[in-house]
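Each ligand, and each atom within it, is numbered from 1 in the order the structure gives.
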Amino acid sequence: MTLNADRKRIERLRREIENHNYRYYVLDDPQISDAQYDRLMRELIALERAHPELVTPDSPTQRVGAKPLTEFGTVEHAVPMLSIENALEEGELRKWVGRTYKALETQKVDFALEPKLDGLAVSLIYRDGVLVTGATRGDGAVGEDVTENLRTVRNIPLRLRSEKAQVPPLFEARGEVVISKPDFAKLNAARLEKGEEPFANPRNAAAGSIRQLDPRVTAGRPLSMFVYGVGVVEGAEFASHSESLDFAESLGLRVVPQRAVVADASGVVEWYKKILAKRDGFFVEMDGLVVKVNDLAMQRRLGVRSRSSRCVIAWKFPAHEETTVVEGVEWSVGRTGAITPVAALRPVHIGGVTVSSATLHNADEIKRLDVRVGDTVVVQRAGDVIPKIVKVVKSLRTGGETVPEPPRVCPVCGSKVVCGEDEVAIRCQNVACPAQIKGNIAHFASKAAMDIDGLGGKIIEQLYAKKMIADPGDLYSLRGGEVAKLERMAEKSAANLIAVVKTSKERGFAHVLYALGIRNVGEHVARLLAENFADIDAIRTAAPEDFIEIDGIGPVVAEAIGSFFGNARNVEFVEKLRRAGVRLERGEAEVVAGRGALAGMSFVFTGSLGRMTRDEAKNMARERGARVSNSVSAATDYVVAGEKAGSKLARAEKLGVKIIGEEEFIGMCDLDKRS
Ligand code: IVH
């Protein structure tokens, strides 16, 4: 191709890629697959490599180009980045509203509302639409120059979009760089896997990522930016704050979600409650509601008080994090015998509940946190997640703290504790340990298992202590009269419990399999087993290969099932259930083959598909009632072969199994939609 044609193609590719970036990262509405996107990007990279003179800083290939720095430069903010005053309760917010009315000598004031996102404040300067500077807030007057790092943030446009608005010669967008909760969880899981320190919370992770000297490190972090304000601007004017954010949005920037404009304090209160209720399920951490006087002329009249702006207040949400003291470490024995440390905490209110203990997971976690009895610690509670200690405030140590030691014998039954070779957990291996037995009974009765409502810890405790039950199978021979004599029980509640126990005999096979408490057999695996085996005897007598063949079951599970049935006590337990009349076989309704367009068919997927990933295809098949297996056998109905299909395809040909392509598979699935 000629230079001219290449130049045209490069420009076109850049526009297209930027468009897809915008749709993906700003609008959350991608139009093409990742593979198609990669193809465009690869083509652009190749063309730019052939013509280095055509590379421009705003090319999408230039997000991660810069070399590591030795230190950050500084950036003076043209308009100071002020801090916000906080209100902790409704009264304080109403007082602020009152003061605002007084200062403005009117009660006709609109308030713009936004969530207060918990990340790191940054400023982006665009000259003639091109991102030239990105800085942290710093001390408000001078920040750090983190331009190269901010360029790697995918939802920050390197060039502003011009189709909806006239791009001004100078435009400064301010906002928060954050890591979403799901991305944070993935990031920490990956770090733990690599033996790296996990981050304490998304805010630390975001802030740490922006302050990396090597932009390639930042590029690997799942950051996004949400604009909440406009700084210096030349060539555009706005009457209100909300209008300025609408303008930023029209330039292709991602602005804070969940915005509103209200006319009075009651409107603020209402919106606060609404956002607070969404907090736990929201995709990013937010720690309050920011309330801003919307009219910019009014904002100017209000001006600045010391270092915070008088026209803004942050009404904080109840904290999810508090500090308290570790008063002791207890070792609790679970149903599998795993002994886990639990920190006993001085009771503290976090986000509306009293927290007095936090799990420490295992001895390694104690070492990692370096937590000692007597330490002051930061405790976090997010949603209904179990409280956890995120950090020790070491500066408050007095020297009197003691390191918790793992027990050498089981704290419940006194038998010797063992530590598995590659396991961080220590275990009590006495299957007759009361803690394990009671744990197993509680598991058996739990909602996802046999759903025996009313059989709580206190009742189990008494039934066990009075030798009325020795394993979950004994529940079925309990009599109402005996149960009624227990503490907290009366005739009626005892009769109810007996009735619920009886009903549980009809529980579906998958639930029963889960209830057995076989190691590594969670709800999902139990369902797979129920789908693939007609009854308990088929599972008991199956060979490890029979399990591994099922997609979603691996050797660890296969081995656990084998060892469960290899234990005479467990076999006796299952027999007890059989004698009691518990359903140990698949019922009609559980034959997945009953529903869906692919009902009863078995599929194997091989090779790479074009329109979806293999996992997506497998899920599509499962949703439509098919069974999905990893290996081809005579029982396989269809092999769906993508590109580069290998030995499975050969085996299917040999066995005469029907081979279809992706399109045909999709066609079969679509039938389902129409029916
Ligand atoms: S407005 C003059 N709006 O909160 C006030 N700030 O504690 C300018 N923040 O440094 C800030 N979400 O990093 C504003 N919707 C929002 C915000 C927000 C988070 C952060 C910002 C600021 C800090 C102050």
Side-chain angles (χ1 to χ4, degrees), residues 75 77-88 92-93 96 100 111-124 134-144 146 150 153 172-180 201-211 223-233 238 240-242 244-246 248-249 253-262 268 271-272 275-276 278-279 282-296 298-317 319-321:
V75 172
H77 300 300
V79 181
M81 291 182 81
L82 299 169
S83 58
I84 320 186
E85 191 189 328
N86 286 333
L88 296 176
E92 289 174 26
L93 182 273
W96 174 82
T100 306
F111 299 101
L113 311 178
E114 293 149 15
K116 184 166 186 295
L117 303 182
D118 205 7
L120 179 78
V122 299
S123 140
L124 305 173
T136 62
R137 173 173 178 270
D139 64 4
V142 178
E144 280 171 319
V146 287
L150 288 173
V153 176
E172 179 189 6
R174 291 176 172 184
E176 202 81 350
V177 171
V178 299
I179 292 184
S180 76
N201 53 46
R203 171 175 26 92
N204 286 6
S209 302
I210 288 299
R211 301 201 60 261
L223 299 162
S224 23
M225 175 184 172
F226 292 89
V227 173
Y228 55 62
V230 165
V232 280
V233 184
F238 326 103
S240 67
H241 170 74
S242 52
S244 73
L245 291 194
D246 292 342
E249 193 162 35
L253 289 151
R254 176 86 180 239
V255 305
V256 275
Q258 304 287 333
R259 295 196 280 143
V261 176
V262 297
V268 177
W271 193 255
Y272 176 90
I275 298 293
L276 180 56
K278 287 189 185 168
R279 179 192 199 180
F282 203 59
F283 71 109
V284 286
E285 292 279 359
M286 43 184 179
D287 55 351
L289 182 75
V290 184
V291 183
K292 304 175 178 178
V293 169
N294 198 30
D295 186 291
L296 294 184
M298 285 185 179
Q299 281 203 9
R300 281 190 289 274
R301 269 166 52 209
L302 283 165
V304 171
R305 195 193 58 187
S306 70
R307 290 181 63 220
S308 64
S309 165
R310 288 171 67 199
C311 55
V312 185
I313 193 160
W315 182 4
K316 300 291 286 275
F317 291 150
H320 269 166
E321 249 183 38

Taking atom 5 (C) of ligand 1 as the reference point, the nearest protein heavy atom with its distance: Ile84 CG1, 3.7 Å
Nearest non-hydrogen contact to atom 3 (N) of ligand 1 from the set Lys116, Arg310, Lys292 belongs to Lys292
Ser309 heavy atoms, cut-off 4.0 Å: which ligand 1 atoms fall inside? 2 (C)
Contact summary for Val177 and Ala206, nearest pair of heavy atoms: O-CB, 3.7 Å
Using the salt bridge (charged side-chain N to carboxylate O under 4.0 Å, His left out) rule, take Glu144 and Arg211 through it: C-alpha gap first, then chi angles, then the decisive distance, then the call. CA-CA 9 Å; Glu144 280 171 319; Arg211 301 201 60 261; 2.7 Å; yes
Work out which heavy atom in Val255 is nearest to a heavy atom in Ala248; give both atom names and the distance. CG1-CB, 4.1 Å
Aromatic ring proximity, centroids under 6.0 angstrom, Trp96 and Phe111: yes
If I compare all heavy atoms of Glu85 with all of Ile313, which pair ends up nearest, and what's the gap? O-CG1, 3.4 Å
When you look for heavy atoms under 4.0 Å from ligand 1, do you find them on the side chain of Ala121, its backbone, both, or neither? both
Would a distance-only check, ignoring hydrogens and angles, find a side-chain to backbone donor-acceptor pair under 3.5 Å from His241 to Val293? no
Per-atom filter on ligand 1: closer than 4.0 angstrom to a heavy atom of Pro115 are 12 (N), 15 (N)
What protein heavy atom is closest to atom 20 (C) of ligand 1, reported as residue, atom name and distance in Å? Glu176 OE1, 3.4 Å
Would you say the side-chain atoms of Arg310 pair up with the backbone N or O of Leu302, donor to acceptor, closer than 3.5 Å? yes
Relative to atom 15 (N) of ligand 1, which among Met81, Glu114, Gln258 owns the nearest non-hydrogen atom? Glu114
Which ligand 1 atoms does Val290 reach within 4.0 Å, using its non-hydrogen atoms? 3 (N), 15 (N), 16 (C), 17 (C)
To the nearest 0.5 Å, what is the distance between CG (Leu150) and CG (Leu124)? 6.0 Å
Starting from atom 22 (C) of ligand 1, locate the nearest protein heavy atom and write down its residue, its atom name and how far away it is, to 0.1 Å. Tyr228 OH, 3.9 Å
Counting only heavy atoms, which portion of Arg137 has something under 4.0 Å from ligand 1: side chain, backbone, both, or neither? side chain
Leu117 neighbourhood, listing ligand 1 atoms whose heavy-atom distance to it stays under 4.0 Å: 12 (N), 19 (C)
Protein residue, atom and distance nearest to atom 8 (C) of ligand 1, heavy-atom basis: Leu82 O, 4.1 Å
